[in-house]
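Both counts, for ligands and for their atoms, begin at 1 and track the order of listing.
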Amino acid sequence: MADTILAVENLSKAFTMHLRGGIVLPVLEHVSFTVAAGECVVLGGPSGAGKSSIMKIVAGTYQARSGAVKVRHRGALVDTTAMTARDFAAVRRETIAEVTQFLRAIPRVSALDLVSAAGGGDGAREEAASLLTRLNLPERLWGLPPATFSGGEKQRVNIAAGFIRKTPLLLVDEPTASLDAANRAVVVDLITAKKAAGTAILGIFHDHEVREAVCDRVVDVTAFSPRRAA
Ligand SMILES: Nc1ncnc2c1ncn2[C@@H]1O[C@H](COP(=O)(O)OP(=O)(O)O)[C@@H](O)[C@H]1O
Ligand SMILES: [Mg+2]
């Protein structure tokens, strides 16, 4: 059996609504699943089910209320919920890449620089150029900051910045939502190549065809909804 790269164990999440008297809204309870090397696990369920929340907890953007999120870092499974922010930052740098739903553009940094910086190291610029070419981002845009790009153009920069990294774990949240069929097919190819290279992928895919093409297993997030049990 392939190595477990991500193990989410008994994870719960609630949001405290500070502007509404501090009421607590439970969103997820007892979430447990694993993702192995070379496997693509898809989070399923309707809008609002908590799919992105799981992704953001694994990425470290949100904090878990309870439970464990273990990732294989330098060969050992380590619980990121029990780490200092500084230790988690080191784990993210080496072990976790993320394609978020929306690009966080950095003012004055060009598309090519943004993707190259995400790659780091020798050859990152060539690889960034090659990814942007594959994703059909017109070369006249490479030297411009993505702030003024269209939704689909920004998304392709975001995809390139995530896929240039060579981490054991890759998180992708609706990467094809505003792409045309040709670029959706490119993303399918990129994901297939990552899987073949042994990357563990946790994904959310709105698009049925993309999901069918890459998914090994679906984790139904509605099974972890506290409202269902109530
Ligand atoms: N930062 C937040 N503050 C308050 N509620 C949130 C926050 N993020 C998500 N939620 C709520 O948590 C629930 C799950 O959201 P989300 O994880 O984005 O679902 P999905 O990705 O499945 O559509 C929704 O009801 C959403 O409104
Ligand atoms: Mg979402």
Side-chain angles (χ1 to χ4, degrees), residues 6-35 39-71 80-81 85 88-89 92 96-105 150-159 161-163 169-179 183-184 187-188 190-191 200-230:
L6 171 68
V8 172
E9 294 172 1
N10 221 5
L11 181 77
S12 296
K13 176 68 187 168
F15 291 104
T16 305
M17 311 303 281
H18 297 286
L19 298 180
R20 294 175 52 201
I23 59 163
V24 175
L25 291 176
V27 186
L28 295 161
E29 270 169 9
H30 311 299
V31 181
S32 295
F33 65 91
T34 61
V35 187
E39 186 182 36
C40 178
V41 170
V42 171
L43 299 176
S47 177
K51 304 181 296 297
S52 292
S53 295
I54 293 175
M55 202 71 105
K56 286 173 184 167
I57 291 168
V58 176
T61 312
Y62 286 174
Q63 247 182 320
R65 180 192 218 184
S66 60
V69 176
K70 297 176 182 171
V71 296
T80 60
T81 65
F88 196 1
R92 287 178 55 135
I96 307 173
E98 186 189 13
V99 177
T100 51
Q101 229 169 330
F102 306 104
L103 175 73
R104 286 178 291 240
S150 75
E153 288 163 353
K154 277 184 191 164
Q155 198 165 27
R156 281 176 278 156
V157 174
N158 212 21
I159 291 165
F163 278 80
L169 179 63
L170 174 64
L171 311 172
V172 285
D173 191 347
E174 309 227 15
T176 58
S178 44
L179 300 188
N183 284 310
R184 284 202 299 273
V187 173
V188 167
L190 291 173
I191 290 174
I201 299 176
L202 180 64
I204 301 170
F205 300 101
H206 190 71
D207 186 275
H208 217 78
E209 262 177 61
V210 173
R211 180 203 286 226
E212 289 298 301
V214 300
C215 176
D216 294 302
R217 202 149 48 81
V218 177
V219 170
D220 179 8
V221 172
T222 56
F224 308 119
S225 164
R227 274 153 293 190
R228 194 187 71 121

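- Using modelled atom types, one side-chain atom of T100 and one backbone atom of F102 make a donor-acceptor pair closer than 3.5 Å.
- In this structure a side-chain-to-backbone donor-acceptor pair under 3.5 Å is present from Q155 to S178.
- Atom CZ of residue F33 and atom CG of residue L202 lie 5.0 Å apart, to the nearest 0.5 angstrom.
- Checking side-chain atoms of D216 against main-chain N and O of C40 turns up a donor-acceptor pair under 3.5 Å.
- Between the side chain of S32 and the backbone N or O of N10, at least one donor-acceptor pair lies under 3.5 Å.
- Each of the following atoms of ligand 1 lies closer than 4.0 Å to a heavy atom of P46: 22 (O).
- R65 contributes no side-chain N or O that, together with a main-chain N or O of S12, makes up a donor-acceptor pair within less than 3.5 Å.
- Contact analysis leaves G45 out of contact with ligand 1, as no non-hydrogen atom separation drops below 4.0 angstrom.
- For atom 21 (O) of ligand 1, the nearest non-hydrogen atom from the set S225, S53, S52, S47 belongs to S52.
- The main-chain N or O of G45 is found under 3.5 Å from a side-chain atom of K51 such that the two form a donor-acceptor pair.
- Interface of Y62 with ligand 1, defined as ligand atoms under 4.0 Å from a residue heavy atom, comprises 1 (N), 2 (C), 7 (C), 8 (N).
- Listed by chain and number, the protein N, O or S atoms at a distance under 2.8 Å from the Mg ion (ligand 2) are S52 OG.
- Contact atoms of ligand 1 toward V27: 12 (O), 13 (C), 14 (C) (distance under 4.0 Å to a heavy atom of the residue).
- Among the atoms of G48, some N or O lies under 3.5 angstrom from an N or O of ligand 1.
- In terms of modelled atom types and a separation under 3.5 Å, the side chain of K13 and the main chain of Q63 share a donor-acceptor contact.
- For a threshold of 3.5 Å applied to N or O pairs, the pair formed by G50 and ligand 1 contains at least one separation below that value.
- At least one donor-acceptor pair under 3.5 Å links the side chain of S150 to the backbone N or O of E153.
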